[in-house]
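First up is the structure itself, then whatever we jot down about it.
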Amino acid sequence: MDIERWLNNEIAKITERGVSKSAMASFIMDALAMAREQRIPAYEMTVFLTNALFDSSIKMIEDAWVECGCRYAEMVIRIRDKIGNEQTIELRV
């Protein structure tokens, strides 16, 4: 399975329903599980996740990293909606 295509599709589904901390945490956990299954190095997964978020309507990412082995991820994402409301989501999964 093409991990980049999967990430983009999953983020599109999330942004369609509305971004929430629980949806993003679930997405990140699924992404890390897939990375482990496909033996994708952590540094590559960090790039894939960051690129997928930039390509979506989520335009503000403060920090994103994945520990080696894809067992842990921490992301701080700041999202602005269409009318300018801002939401900060901090994930540690």
Side-chain angles (χ1 to χ4, degrees):
M1 172 181 273
D2 180 16
I3 189 82
E4 291 176 282
R5 184 179 313 129
W6 181 84
L7 289 168
N8 288 327
N9 289 339
E10 292 301 307
I11 290 177
K13 290 177 193 175
I14 290 170
T15 55
E16 207 172 272
R17 290 187 302 259
V19 179
S20 70
K21 184 173 182 172
S22 62
M24 290 301 291
S26 178
F27 162 70
I28 298 294
M29 288 191 297
D30 291 346
L32 294 179
M34 184 173 283
R36 281 191 295 275
E37 288 172 10
Q38 294 188 12
R39 298 175 192 251
I40 297 171
Y43 63 89
E44 284 183 33
M45 194 60 190
T46 301
V47 171
F48 293 152
L49 280 169
T50 304
N51 288 343
L53 289 168
F54 273 129
D55 290 342
S56 73
S57 63
I58 300 169
K59 296 298 181 199
M60 302 178 78
I61 301 173
E62 290 182 358
D63 186 29
W65 63 275
V66 181
E67 184 181 280
C68 290
C70 291
R71 293 195 175 109
Y72 181 82
E74 182 172 338
M75 302 183 90
V76 179
I77 304 163
R78 209 170 20 180
I79 302 162
R80 265 195 204 128
D81 64 16
K82 295 174 187 171
I83 59 173
N85 294 326
E86 200 170 275
Q87 176 183 4
T88 300
I89 298 175
E90 295 181 36
L91 300 172
R92 289 174 185 86
V93 292

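In this view, Arg5 and Asp2 satisfy the salt bridge (Lys or Arg N to Asp or Glu O under 4.0 Å) rule, not counting sequence neighbours. With sequence neighbours excluded, no residue forms a side-chain contact (heavy atoms from CB on, under 4.5 Å) with Arg39. In this structure, Glu37 has no side-chain contact (heavy atoms from CB on, under 4.5 Å) partners at least two apart in sequence or on a different chain.
Residues Glu10 and Lys13 are paired through a salt bridge, judged by an N-O separation under 4.0 Å between the basic side chain and the carboxylate.
How far CD1 of Ile11 is from CH2 of Trp6: 9.0 Å, rounded to the nearest 0.5 Å. Expressed to the nearest 0.5 Å, how far CD of Glu4 lies from CG of Leu49 amounts to 10.5 Å. The distance from atom OG1 of Thr15 to atom CE of Met24, rounded to the nearest 0.5 Å, is 9.5 Å. To the nearest 0.5 Å, atom CG of residue Asn51 and atom OG of residue Ser56 are 11.0 Å apart.
Among all heavy-atom pairs drawn from Ala31 and Met45, the shortest one is O-CE, 3.4 Å. Closest heavy-atom contact between Ile14 and Ala23: CD1-O, 3.8 Å.
A heavy-atom distance below 4.5 Å is not found between the side chains of Leu7 and Asp55.
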